Each structure stands twice: as structure tokens, then as C-alpha cells.
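Written out below as C-alpha cells is the structure these notes cover.
So you know, we letter chains A, B, ... as the sequences are listed, proteins then strands, and number each from 1. Every value quoted in this text rests on a predicted model; they were computed, and no experiment measured them.
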Amino acid sequence: MSIWEYANPKKFMATTTPVIPWVSWASFGLILVGLGWGLFLTPAAENFEHSVKILFVHVPSVLMAINAWFMMLVTSLIWLVRRHHVSALAARAAAPIGAVMTLIGLATGAIWGQPTWGTWWAWEPRLTSFLILFLFYLGYIALWSAIEDQDTAADLTSVLCIVGSVFAVLSRYAAIFWGQGLHQSATFSADKETNIDPSFWWPAVLSMGGFVLFFIALVLIRTNALIRLRRAMALEARANRGAS
Amino acid sequence: MIALLIRDLRLAVRAGGGFGLGLAFFLIVVVLVPFGVGPEREILTRIAPGILWVAALLAALLSLDRIFALDHEDGSLALLATSPLPLEGAALMKALAHWLTTGLPLTLAAPALGFLLHLAPEAYGYLFLSLALGTPALSMIGTFGAALTVGIKRGGLLMSLLVLPLYVPTLIFGAEAVRRGAEGLATAVPLTMLAGITAGAFALLPFASAAALRVNLR
Amino acid sequence: MGYAQTMTRLTVTDLSCARGGIPVLDRVSFAVDAGQALVLRGPNGIGKTTLLRTLAGLQPALAGTVDLPEEEAAYASHADGIKATLTVEENLAFWAQLYGSAVPESVYDAFDLTTLRLRAAGTLSAGQKRRLGLARLGVIGRKVLFLDEPTVSLDTRSVGLFADYLRDTHLAAGGIAVIATHIDLGLDAPVLDLTPFKASATMAGASDEAFL
């Protein structure tokens with residue numbers, strides 16, 4: 001028994017299909033409890049009023065935005081090295097989810113920033129890095145959809161993902177460097193994790209766990225859908241060949 | 001290897017080769033900016049480093065899709081792939097040829113255009129130096145983008161979408177070096193980072209480009 | 001390392017290849033000795049181009065082996081790789097330089113390009129361009145040629161010129177050529193019909209078979 005057995009599309013589908021409802025319901029439950037607790041049962045933080053509670057959405061989505069890219073990097077490497085189709089399709093499946101998570105992160109950040117700092121958007125390193133990450137997601141998704149041959153697309157997007165990862169990290173540090181502007185001393189610090197009140201801790205953890213499971217459920221569903229699509233294409237190719 | 005470089009340079013300067021187009025584009029963008037933001041000297045001086053770098057970047061982007069697309073269309077790419085020259089070497093030479101026909105002229109012309117934008121006198125040296133250090137990275141990264149999209153018909157727009165995010169670090173450090181130079185501040189960090197990006201890009205991206213080309217030729 | 005000492009021989013054993021991820025040819029085997037040519041025949045879509053591209057190393061084989069001397073293969077397809085703004089001489093000089101050889105003067109005569117040497121390739125007719133593309137084979141000094149429809153858009157006289165070059169210069173010097181063509185080149189070469197090697201619809205090796 002090796003873990004690579006599950007890289008077989010049929011085995012993967014057979015294994016994950018029964019798991020998906022469990023993961024989905026668990027994620028809904030966790031998010032519901034985490035957000036319900038966080039939004040209604042925690043006190044308003046000092047200096048922040050209730051707007052701070054958007055962080056229960058913001059932090060998990062930001063977390064998943066980064067982790068989704070990391071997962072794509074790992075699955076891309078697996079595809080390039082071991083040529084397991086499921087791995088490539090999982091990377092493809094994760095990309096739009098990661099992109100949406102990035103957008104949620106940016107949007108909730110803006111909504112939080114307005115009452116807190118009086119501005120929807122600031123060219124601050126963290127925000128800027130996320131905007132750039134979003135562009136990387138867009139490029140990756142666009143490249144996948146532009147190439148007809150699925151294996152070629154998987155190869156090229158994998159190479160892009162690896163090179164993009166290096167440049168994404170580089171962009172992050174470049175943005176930090178650039179953000180230490182000369183005239184504008186840092187107008188605010190977005191360090192949210194520091195000095196977190198213990199009463200926020202549990203709902204935050206629950207919400208994060210819920211988002212992780214939510215991401216896993218979505219990736220599994222989308223990967224299964226993509227496997228079925230490839231299967232349909234393969235069967236169609238067979239049918240055409242038989243006819244000709 | 002040198003044969004490919006010479007051929008590409010020759011092709012670039014002959015009719016329809018597109019040499020000078022990037023330079024003309026650079027000039028036009030720089031001329032258009034004051035129409036957009038107004039002629040006030042202080043404003044132009046402030047934004048000149050950024051405008052010059054963004055314009056140089058866009059000018060470099062303009063000619064990227066020629067790097068491999070023409071060779072792919074007429075079959076040269078497949079012949080190159082079966083020749084003794086490894087595709088890594090071909091990618092490197094292509095990037096070098098692109099830089100010599102785009103990045104180098106842009107670097108040389110930039111100080112003159114800085115004049116139009118009232119660039120601070122202290123910044124001219126840094127503008128030249130940062131472009132000289134940074135534009136090779138733009139060519140190499142662009143070659144990688146061109147290699148990724150070579151098999152896609154009308155892939156130019158897609159290539160821009162892929163390449164522009166990769167250009168972010170180069171742009172940030174490049175423009176920052178000029179801005180700091182204009183203010184009389186230390187520029188060692190951004191210039192070193194620029195040189196580092198260029199060195200890293202030339203060390204690694206030929207391999208990524210060749211891998212992408214092989215996939216596209218398959 | 002002289003070519004005369006090491007016996008050149010192309011041996012293809014049980015070679016299967018795929019186009020667009022779908023197997024087209026199943027277990028093709030043949031051998032070509034020095035000084036010999038092999039003509040590939042078969043209906044459109046049988047996989048002549050695929051086979052030649054696989055032999056030339058442009059795409060991986062599904063299975064099987066290709067034995068040929070290293071650094072001796074060259075590939076030519078209908079796309080010539082001719083640059084319109086370079087002259088005939090410059091086009092040939094580029095390929096010669098890339099392969100580390102020199103352009104032999106005889107090549108201009110052999111392909112009837114003598115009067116066209118300084119013309120920009122873009123001003124040549126289709127047939128003249130094709131001759132220039134084939135002349136590339138004469139300057140790169142490779143012994144094993146994989147030629148995909150080399151005579152497209154050539155008139156009878158030019159086909160004759162090319163056949164003469166292959167027979168009297170390339171093969172006579174111990175070269176090898178595998179040619180996909182529908183025209184009789186007048187070479188004394190065996191013909192390999194690829195039809196019997198057509199892959200069955202159920203043959204293993206398709207890139208998408210994991211999904212079935």
C-alpha cells in the first residue's frame with residue numbers, strides 16, 4: 001500500500017466521494033460556530049469597536065489564499081516529477097479557490113480598513129503583496145484555460161507555478177522594502193496577530209479550521225469534477241477514433 | 001551559440017525586425033505623461049523615476065512575443081531544438097538578443113528622456129545604472145513568458161498577464177534606486193537587489209524557458 | 001572521430017509513438033545501413049510525421065528504442081526555418097555556424113542557388129525557398145537525415161537535383177536518410193509502408209488512459 005495508489009483518478013474519486021459530505025458539513029459547522037461565536041459573543045475590542053470582528057473572516061481567508069498557492073506549488077512539483085494526473089488537476093482545482101480567497105482577503109481588509117484607518121485602500125506592503133498574489137492567480141488560471149492539450153497545460157502551468165512562487169516571495173520582500181517609504185512613515189501597521197485577546201482565540205481557531213476544511217472540500221469537489229471532465233474527453237477521443 | 005545571437009540581431013535591424021519600435025514607444029509614453037498629469041515641474045520631477053521605469057518596462061514588454069513566435073511559425077524552433085545548441089543556450093541567446101535590441105537602447109535613451117520629465121540632476125547616474133542592471137532581467141523574464149506562450153495563437157495578451165506580475169520586484173527595486181538617488185539617499189540596497197535579480201534570472205530562467213519550449217514543441 | 005571508422009547504422013526497434021497523446025504507431029522496427037535510404041509510405045494521418053519527429057528526438061517515444069550515432073541526426077520538415085530578411089548565404093551560414101561546420105561551395109551548385117546567393121530569402125519563389133531549405137542539409141554535415149515531405153513545391157527538375165544530391169553526395173559518403181514522401185525520388189531505396197503498424201484503438205499508452 002502506497003499513498004501513490006490514490007493518484008489513480010478512479011481510486012481517488014472512489015475514495016474521496018464518500019468523504020466530501022463529511023468534510024463539507026464539518027466545515028460548515030466549524031465556520032458557523034466560529035463566526036457565530038466570534039461575531040456575537042465576543043466583546044468589542046478596545047479602540048476597534050465591532051468592526052474588528054471582520055477579522056474572523058479576514059484572517060482565515062488570507063491564510064487560505066497563501067496556503068492554496070503553496071498547495072499548488074507542491075502538487076505541481078508532484079506532477080512534474082511523478083506524472084500523476086490527479087496532482088495536476090488538484091493544482092488546477094485549487095487556483096480559482098485561492099484567487100477567490102485572495103479577493104475575500106482584500107475585500108474584508110478594505111472593509112476593515114475604512115472604519116479603522118479611514119481609508120479603503122493603502123499601498124501598504126501587505127495589501128500590495130496580496131494584490132500581486134491575485135495577479136499571479138489570474139495568470140495561472142488564464143494559462144490553464146488557454147491551452148487545449150491538457151497535459152501540455154499541466155506541464156506549462158506547473159513551470160509557471162514554480163517560477164511564480166520564487167517571484168511572489170521576491171515581490172513580497174520588494175514590497176516591504178518599497179513600503180518603508182521615505183516621506184510617508186508607515187501610516188499603520190497591519191500586524192493583527194499581536195496582542196490578541198484570549199476571548200478571541202477560540203472563535204478564531206474554529207473559524208480558521210472551518211476555512212481549511214472548506215478549502216479541502218472545495219478542492220476535492222473541483223478535482224473530482226475535473227477528473228470526470230478528463231474522463232469524458234478521453235471517452236470521446238476513443239469514440240472518435242473508433243468511428244474514423 | 002554566438003551564431004544565434006548574431007542572426008537575431010541581424011533580423012532585428014533588418015526591415016520589419018522591430019528594432020527601434022520599443023524605443024519609439026518609450027519616447028511616446030514619456031511624452032504623453034505630462035499631457036496626463038500637467039506640466040508642473042515639481043510633480044514631473046517627483047514622478048519621473050517611476051514613469052521612466054514603467055515606460056521602459058512596457059517598451060520591453062512590447063517586443064517579447066517576437067522572441068519565439070516567429071521562429072515557431074517558420075519552423076526554425078524545431079530545427080533549433082534538433083541542433084547541437086541546447087535549448088537552454090538558445091533561450092539565453094534569445095534573451096541577450098532581446099536585451100541588446102531593446103533594453104540597451106532604452107538604457108542609453110533614458111537619460112535624454114529624463115530631461116523631458118525634469119528628472120532631478122542627481123538621479124541621472126542612478127537612472128542609467130538601475131536600467132543597465134535591471135533591463136537584462138526584464139528580457140530574461142520576458143523570454144520565459146514567451147517560451148510559455150509560444151504554442152498559443154495570439155498569445156501576446158496572455159503573455160503580458162503572465163509576465164507583468166513577474167516584473168514587479170525588478171520595477172520596485174529599479175524605480176526605488178532612482179528615487180533614492182534623486183533624494184541623495186543610499187542606493188546600495190536596491191541596486192544590489194536589481195543585480196541579484198538579473199543574475200538569478202539569467203542563472204535559472206534559461207532552464208525553465210527550455211523546459212517550456214520542449215513541452216510546446218512536443 | 002571519423003565517420004568512416006565507426007559504422008553508421010540506424011536501428012529502430014519496436015518503436016511506438018503517439019500524436020497528441022494518442023498512440024498512432026505500434027512497434028515499428030527497421031534498420032538502415034550506411035549509404036542507404038528508407039522511404040516511408042502510408043495514407044495521411046498514419047503517423048509519418050510523428051515517426052520522424054520521434055526519431056529526431058522532438059517528442060518522446062511511447063516505447064521502443066532508436067539506435068543511431070550520437071550528434072549525427074538532423075531533421076527537416078515542410079517548415080524550412082528560412083528567414084525572409086536574410087540572404088541565401090546568410091541563411092546557410094547561420095546553420096553551418098550553429099553546427100560548427102562551413103558552407104561548402106558545392107552546395108550552391110547542387111541546389112541551383114548560385115545565382116541567388118545574395119538575394120534576400122523573402123524574395124525567392126516557393127520552390128527556390130524549398131531548395132534553400134534543403135540546402136541546409138548540405139551544410140550542417142549530419143549523417144542521419146529525417147526528411148518529412150522534402151519535395152513539396154519542387155518542380156521535376158528540382159526534385160531531380162535533390163535526388164542527385166541525396167544519392168551522389170549524401171548516401172555516397174555513407175549517410176543515411178529516412179524520407180516520408182509520395183514522389184518517386186528515383187533512389188534505389190526500400191519502401192516501408194506504415195499501414196500495418198497502425199495502432200489499434202485499444203492500444204495502451206495514451207496520455208489519458210488513466211481516466212478510463
Heavy-atom pairs under 4.5 Å with chain A, option from B/Leu204, B/Val215, B/Leu161 with the top count: B/Val215
Check whether B/Leu158 gets within reach of chain A through its side chain, its backbone, both or neither, counting any heavy atom under 4.5 Å. side chain
Under 4.5 Å heavy-atom distance to chain B, tell me which part of A/Leu170 shows up: side chain, backbone, both or neither. both
B/Trp99 and its side-chain hydrogen bond (donor to acceptor under 3.5 Å, both in side chains) partner, picked from B/Thr143, B/Thr135, B/Thr107: B/Thr135
Check whether A/Trp79 forms a cation-pi arrangement with A/Arg83 (NZ or CZ under 6.0 Å from the six-membered ring centre, at most 45° off the ring normal). yes
Out of B/Pro165, B/Ala212, B/Pro190, which one racks up the most heavy-atom pairs below 4.5 Å with chain A? B/Pro165
Residue B/Ile197 versus chain A: region with a heavy atom under 4.5 Å: side chain
Is there side-chain contact between A/Val212 and A/Met64, with heavy atoms separated by less than 4.5 Å? yes
Sequence-distant partners of A/Asp149, salt bridge (Lys or Arg N to Asp or Glu O under 4.0 Å), two or more places apart: none
Measure B/Leu166 against the heavy atoms of chain A and call it side chain, backbone, both or neither at under 4.5 Å. both
Region of B/Ile141 in contact with chain A, defined by heavy-atom distances below 4.5 Å: side chain
Return the option, out of A/Ile147, A/Leu160, A/Leu138, with the maximum number of heavy-atom pairs under 4.5 Å with chain B. A/Leu160
Please determine whether the number of non-hydrogen atoms from other residues, nucleotides or ligands lying under 6.0 Å from atom OH of A/Tyr173 exceeds 12. no
Under 4.5 Å from a heavy atom of chain A, the part of B/Tyr167 involved: neither
Around atom OH of B/Tyr126, are there more than 12 heavy atoms of other residues, nucleotides or ligands at under 6.0 Å? no
Please determine whether the number of non-hydrogen atoms from other residues, nucleotides or ligands lying under 6.0 Å from atom CG of B/Leu157 exceeds 12. no
